[in-house]
Amino acid sequence: MKELKRYLSYIGKYRFSYWSIFTVTLITSVILTLAYPYMNKLIFNALEYGNQELFVKAAALCVLLVILNCLAPYQRYFQIKVVRKIVFDIKIRLFEKLMKLDMHYYESHHSGEALKTLNWDANSLKDSYFSHIYWVTGIFAKGTVSLLAMIIYSPVLTAVSIGFCLAAVLISMRMNRKIRQSDKEIQNRITTLTARLGDILSGFVTLKMFSGASIVIDYFQNENEQTMKEEKRRAGKLAALHMISFILGILAGVGTIGAGAFLVACGRLDYGTVMAVVTLQLGVNAMVQGFGSSLATFSLSLVKAGRVFDFLELNCEETESGSIVEIQKECNPIEVKNLTFSYDGKTDVLKDFSLEVAANEKLLIMGESGCGKSTLLKLLLRFYRYSGGEIRLYGHPLEEYSPEQLRQMITYIPQNSYLFEGSIRENIACGCIGRRQVTDEEIMRAARSAYAEEFIARLPQGYDTHLEAGGSNLSGGQRQRIAIARAFLKDSPILLMDEPSSALDVQSEIMIQQAMKELMKQKVVLMVTHRTSSVEEFDRCVRI
């Protein structure tokens, strides 16, 4: 019940529409469940007693049933419409959550897990909210109403089927617990498979070069076999559940018909009542036979929905923490005092590290691999939270700044800059989106300063050239110059660079260095590097 409440709590602003349609559909279903048996009773009693008035009532009831059935497609249309809006809203919330998660999540979870949640699990909510809740609730409501109506028509006939119904429900609930455990295991294995497939595709070139495909295929095949075995076990449990429910339903139906025939022979019931009870018995049988399978299907929906809602409830970066503070320009732009940080809580990457950076000072950060150079830049960006010490920017502790203000103050250029799918114009302007409108002249000036205008002019559509995700249709040097153009346009007072030219050819590196020399003017600069070729451009070198 707790999971179901959680499941329904994410309907959001569509709550009223969803419950309204749900209620109307359920009421219509209950009316149809009661009307068909009553119509059968009228018809058979009219035949038995030759009563024309009963025929007229049956005909009127038949017209009502036709109207209700004609309205059913419209109810279905509104259900689909509302459910699609609900799923769309949840997908948007998932994507927003993905953008807000801190760096710890991305480093401790495979990207395939987020992709599966955002696509497969989120898409499964469509069937969950549209079909499975209606299905389970509808079967239970119609079965319950049918059972109550049977008691009203004939308590004796009802008593015959109660034993079979209770047995079927108890067995279904018991077996459903095992099926739900299998569902969770299958979902975990599918997530692992998605992650493994992503790893294989990422390393496809290396696999081809070193003939490692056979090893990977064997590993992938083993994962698939384990998933297949778990799915077979689930299918076996589900088949056994269906068989038991079907047998118990048939026995209940046969018992009701036999008892009804005996009561008619004794003169205690009329044919119409027996036919009404037999018709209602179909609803009870549907509940008995379908309760187990529908409950199992709904359990799988709860598992998938649980993964979506677990993702939505993850702790994310505290975007509301901090505020817009007034910068104290007379203070040092960056002060680091006794900074301590560990990724795993055991081994310190930085320990009691201190650093002061004066206004417009340019620093090279050097040291061995793994000593914490790049980590220091990410701590300044507040991607991680340090365990000891303090970082102050312009006289204020780092935590006092809102993330938005903090990242407007700082421009970060990593070793491999990412370009989004879209035009070159949009990729350069993205650093200022949400802050101000950027003119074409400003974009072209930034590209010119980054020595990117020359190669952009040679492209077929110039600044409107469409870039693929990651900028894969540009060279590494071209991608990095686009990133530097972003930095020119953003024009933040603090510039952080993490080996921005280490993976480039000589010609590209020369152009990048010329662009960076211009970019660094009137800025505080921290650049992580292993090279000493640009030492003369910096005020001092700090080793970690």
Side-chain angles (χ1 to χ4, degrees), residues 23-72 75 134-170 172 244-294:
T23 303
V24 170
T25 303
L26 196 60
I27 291 174
T28 303
S29 178
V30 170
I31 291 174
L32 291 173
T33 301
L34 294 174
Y36 278 113
Y38 186 65
M39 186 179 67
N40 286 339
K41 179 180 179 178
L42 291 176
I43 292 172
F44 277 91
N45 282 346
L47 291 172
E48 182 179 1
Y49 302 114
N51 190 330
Q52 188 175 0
E53 185 179 349
L54 295 179
F55 269 119
V56 174
K57 290 182 179 180
L61 188 56
C62 182
V63 171
L64 175 62
L65 292 175
V66 170
I67 293 173
L68 290 176
N69 280 292
C70 288
L71 293 176
Q75 292 179 353
Y134 287 95
W135 188 17
V136 173
T137 309
I139 286 177
F140 182 76
K142 287 190 288 186
T144 303
V145 168
S146 297
L147 196 59
L148 292 174
M150 286 172 62
I151 294 173
I152 294 172
Y153 281 125
S154 175
V156 177
L157 289 182
T158 305
V160 175
S161 62
I162 287 179
F164 295 101
C165 293
L166 290 176
V169 170
L170 291 174
S172 297
I244 293 171
S245 298
F246 179 77
I247 292 173
L248 290 174
I250 291 296
L251 290 175
V254 171
T256 303
I257 293 173
F262 175 77
L263 291 174
V264 170
C266 295
R268 297 178 60 184
L269 285 178
D270 52 48
Y271 286 109
T273 301
V274 174
M275 293 308 302
V277 171
V278 170
T279 306
L280 288 167
Q281 179 65 44
L282 296 177
V284 177
N285 286 347
M287 182 177 70
V288 172
Q289 295 175 16
F291 187 78
S293 59
S294 59

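Atom CG of Leu269 and atom OG of Ser154 lie 4.5 Å apart (nearest 0.5 Å). Rounded to the nearest 0.5 angstrom, Thr279 OG1 and Lys41 NZ are separated by 12.0 Å. Atom CG of Leu147 sits about 9.5 Å away from atom CG of Leu280, to the nearest 0.5 Å. To the nearest 0.5 Å, atom OG1 of residue Thr33 and atom CG of residue Leu148 are 12.0 Å apart. Taken from CG in Leu26 to NZ in Lys142, the straight-line distance is 9.5 Å, to the nearest 0.5 Å.
A pairwise comparison of heavy atoms in Thr273 and Tyr153 identifies CG2-O, 3.8 Å as the closest pair. Between Pro37 and Leu32, the shortest heavy-atom distance links the atoms CD-O, 4.5 Å.
Judged by distance alone, the side chain of Ser29 and the main-chain N or O of Thr25 form no donor-acceptor pair under 3.5 Å. In this structure, the side chain of Asn45 engages the main chain of Gly272 through a donor-acceptor pair within 3.5 Å.
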Listed pairs under 3.5 Å, donor-acceptor, residues 58-69 side chains, sequence neighbours left out:
{"from": "Asn69", "atom 1": "ND2", "to": "Tyr36", "atom 2": "OH", "distance (Å)": "3.2"}
{"from": "Asn69", "atom 1": "ND2", "to": "Leu65", "atom 2": "O", "distance (Å)": "2.7"}

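Listed by first and then second residue, the side-chain hydrogen bond (donor to acceptor under 3.5 Å, both in side chains) pairs involving residues 52-64 amount to none (not counting sequence neighbours).
The local environment of CZ in Phe44 is sparse, with at most 12 non-hydrogen atoms from other residues, nucleotides or ligands closer than 6.0 Å. Counting heavy atoms of neighbouring residues, nucleotides and ligands inside a 6.0 Å radius, atom OH of Tyr38 does not exceed 12 of them.
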